[in-house]
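Scroll down for the structure; my scribbles are underneath it.
For this chain, numbers begin at 1 and follow the sequence in order. When reading the values below, keep in mind they use all heavy atoms of this one structure, side chains included, and skip hydrogens, waters and symmetry mates.
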Amino acid sequence: MAVRVGTYTRRSTDEDHQPFTIEAQDARLAAYIHSQDGWAHQPDCAFSDDKSGYTLDRRGLQRALAFARAGRYDLLLVAKVDRLSRSIRGLTHLLDDLDTAGVAFRSATEPFDTATPAGRMMVQMLGVFAEFERRMIIDRVIAGMERKAARGEWTAGSFPFGYITDPKTRFLVPHAGQAPLVPVIFDLYGNKRIGAKAIATWLNDRGHRTRPGRPWGVDAVLTVLRNRAYLGEVYFRGTWHKAPHPPLVDTDLFNRVQRLLAERGEDHAARAANASDYLAAGKLRCGRCSKRYVGAAARGNLYRYRYYVCFSRQRYGPATCAADRLPADELDRALMQALLATLARSDLLERAAANLAAQLDHDRDQHQAELAAIQAELRHLDQAIDRYLLAFEQGTLDPDRFKARLEELARSGKKLQRRKESLQAVLARTETLPPAAPVLADFRANVRAAADIDEVAPKKALIGALVQDVEVRSRNEIYPTFRFPTAAELDGKVRKLAGSVPSTGFEPAAYCSGGSRSLP
């Protein structure tokens with residue numbers, strides 16, 4: 001019986017030269033197969049990739065493994081071991097997968113028999129050298145790019161706005177249509193003290209666009225303002241290098257802008273810290289464009305004023321979305337008051353709990369029906385496998401012919417068994433009775449206790465745990481939707497921060513989801 005041979009070829013983009021073209025590998029493998037007695041190449045089992053050998057996420061490789069598991073070929077042949085993988089861990093994993101599928105592995109230029117311990121060891125040693133070679137290539141590439149950056153050449157990534165690269169020297173050169181805008185942006189921010197948002201609006205109103213052709217936004221303006229490339233420098237791996245390209249901004253103006261960015265809290269570290277005092281961050285949804293609201297701030301002579309602004313308006317201006325800008329302090333207070341007012345409605349809370357209990361009861365019926373169907377299908381699979389095994393014992397079944405089908409049945413059985421165990425676990429822990437009135441009363445009291453703590457963190461944790469969503473249609477039309485979590489959820493999100501909020505007593509799954517409420 002002929003040995004059915006599948007082939008795998010790979011050309012990598014991380015090698016300086018490409019001595020292993022797909023065509024050359026195909027020719028070598030075809031000649032090698034022809035030289036072996038009893039070998040037959042399967043035309044539909046020729047797999048190929050154009051990707052690095054360090055990753056196993058390759059379409060051709062995954063198809064080769066799938067065909068191996070399906071019993072489509074008996075031996076996988078490559079030109080060299082490093083064509084299969086340049087990682088010793090990946091190579092070991094692949095060899096194990098092929099071995100499990102009953103498929104042998106051979107290299108046309110490194111004739112080791114992986115069926116023997118010595119052959120397996122030699123293949124793995126070749127994998128070690130392949131991984132070493134790959135890392136040496138990476139080190140050489142990085143060293144070369146560092147030398148280029150030290151000379152002032154642009155190494156990788158998109159060019160800064162206002163520049164392009166000279167294809168001969170790889171140095172940055174000013175872009176005739178964009179470069180004049182860069183000093184204007186710095187002047188508007190540093191000298192005229194106009195904010196990043198206003199600058200983006202100014203640019204968009206005059207028809208200017210970013211390099212990809214999109215409208216200007218706050219992030220795009222801040223990216224320009226922070227970039228030291230406009231001082232005549234290039235960046236690579238944590239270091240700015242002096243470069244020969246002409247600077248577009250003088251040093252004094254650039255430093256003035258950096259100080260102003262820090263004062264306004266628009267540097268990365270300050271912006272991350274500022275977000276912590278917005279209680280409803282991530283909960284507000286614009287009723288006009290469906291984008292989320294983000295925290296924003298303006299600084300006056302004496303105070304810092306916090307707002308929630310629709311993301312579309314914040315990024316692209318009011319022409320994109322005219323949603324109202326909301327004062328953060330007022331909205332946070334109104335949202336907390338709405339939460340406590342909803343909790344005070346015993347009838348609403350009890351009705352929500354009863355409705356959720358009814359929904360859980362309905363879900364339980366569905367889970368039980370699905371469990372019964374899975375158990376019936378598992379019995380059917382077991383009977384089918386038993387028929388195959390009986391035919392094999394009686395000598396009426398060719399095992400090679402039906403091997404793939406048996407493996408498919410076994411995989412289906414494992415999936416069904418996992419789903420069966422998951423359903424049984426859900427049914428075992430799901431409680432469908434609504435909580436008793438004293439439990440609900442304790443829950444309300446504990447939430448009020450957390451709301452009374454004069455700290456931002458517990459209040460923000462309360463909003464995060466109990467507010468599902470807040471739809472903002474206008475300044476006077478704000479509709480929050482509440483949810484009430486389990487004791488474990490509340491303990492994890494609130495009690496840990498507040499330090500004095502006792503358990504709610506809600507041990508099973510969440511009982512109630514509040515309805516919507518309009519805020520004045």
Side-chain angles (χ1 to χ4, degrees), residues 1-134 136-137 400-401 403-404:
M1 184 177 178
V3 177
R4 298 170 300 165
V5 180
T7 58
Y8 179 76
T9 55
R10 181 182 65 82
R11 178 175 53 196
S12 177
T13 56
D14 66 355
E15 296 167 27
D16 295 333
H17 306 288
Q18 296 292 329
F20 303 107
T21 65
I22 299 297
E23 295 76 11
Q25 293 176 65
D26 284 337
R28 176 172 292 183
L29 295 179
Y32 188 83
I33 293 172
H34 183 72
S35 69
Q36 303 297 310
D37 292 335
W39 283 22
H41 186 209
Q42 302 298 105
D44 61 338
C45 294
F47 312 100
S48 181
D49 280 309
D50 246 337
K51 203 168 184 180
S52 169
Y54 195 72
T55 175
L56 301 184
D57 185 19
R58 291 173 258 155
R59 179 172 299 181
L61 178 61
Q62 295 304 317
R63 287 185 66 245
L65 294 175
F67 275 48
R69 298 185 191 105
R72 300 283 289 275
Y73 58 91
D74 306 312
L75 183 146
L76 182 63
L77 182 67
V78 297
K80 292 185 67 177
V81 170
D82 64 10
R83 297 302 90 194
L84 187 66
S85 177
R86 278 190 176 273
S87 160
I88 182 60
R89 179 182 298 178
L91 180 62
T92 302
H93 177 74
L94 292 174
L95 292 178
D96 287 341
D97 278 358
L98 292 173
D99 188 55
T100 301
V103 173
F105 171 74
R106 294 289 173 82
S107 165
T109 57
E110 300 142 342
F112 302 115
D113 184 2
T114 59
T116 66
R120 184 70 171 256
M121 179 193 69
M122 293 302 298
V123 169
Q124 290 179 348
M125 289 181 64
L126 290 174
V128 171
F129 286 113
E131 182 171 354
F132 171 74
E133 181 183 0
R134 177 184 179 275
M136 289 296 295
I137 292 172
D400 291 333
R401 182 179 177 185
K403 178 182 177 181

- side-chain contact (heavy atoms from CB on, under 4.5 Å) with Asp57: which residues, sequence neighbours excluded? Lys51, Thr55

- Message: Between Thr9 and Val78, does the side-chain contact (heavy atoms from CB on, under 4.5 Å) criterion hold? Intermediate values first, please.
- Response: CA-CA 6 Å; Thr9 55; Val78 297; over 6 Å; no

- Query: Who passes side-chain hydrogen bond (donor to acceptor under 3.5 Å, both in side chains) against Tyr73, sequence neighbours left out?
  - Reply: none

- Item | Non-neighbouring partners of Asp44 that pass side-chain hydrogen bond (donor to acceptor under 3.5 Å, both in side chains), sequence neighbours left out | Arg72

Nearest atoms (heavy-atom pairs only) where [X] meets [Y]:
X      : Y     : answer
Ala108 : Leu29 : CB-CD2, 3.9 Å
Gln25  : Ala79 : CG-CB, 4.2 Å
Ala40  : Ala2  : CB-CB, 4.3 Å

- May I have the step-by-step check of side-chain contact (heavy atoms from CB on, under 4.5 Å) for Phe105 and Leu75, ending in yes or no? CA-CA 6 Å; Phe105 171 74; Leu75 183 146; over 6 Å; no

Any donor-acceptor pair under 3.5 Å from [X] side chain to [Y] backbone:
X     : Y      : result
Asp49 : Gly60  : yes
Asp74 : Val103 : no
Arg10 : Arg83  : yes

- Query: Which residue pairs pass the side-chain hydrogen bond (donor to acceptor under 3.5 Å, both in side chains) test when at least one of the two sits in residues 33-42, sequence neighbours left out?
  - Reply: Thr7-His41

What's the spacing between [X] [atom1] and [Y] [atom2] if we round to 0.5 Å?
X     : Y      : atom1 : atom2 : answer
Leu77 : Cys45  : CG    : SG    : 12.5 Å
Leu95 : Leu76  : CG    : CG    : 9.5 Å
Tyr32 : Ser107 : OH    : OG    : 8.0 Å
Ser48 : Arg59  : OG    : CZ    : 12.5 Å
Arg11 : Ile22  : CZ    : CD1   : 5.5 Å
Arg69 : Thr100 : CZ    : OG1   : 9.0 Å

- Message: Quick one, Arg58 and Tyr8 - any side-chain contact, counting heavy atoms below 4.5 Å?
- Response: yes

- Task: Decide yes or no for Leu94 and Leu61: does some side-chain heavy atom of the first lie under 4.5 Å from some side-chain heavy atom of the second?
- Result: yes

- Query: Taking only residues two or more places apart in sequence or in another chain, which ones pass salt bridge (charged side-chain N to carboxylate O under 4.0 Å, His left out) with Asp26?
  - Reply: none

- Give the C-alpha distance, both sets of side-chain angles, the deciding distance and a yes or no for side-chain contact (heavy atoms from CB on, under 4.5 Å) between Leu65 and Leu98. CA-CA 7 Å; Leu65 294 175; Leu98 292 173; 4.1 Å; yes

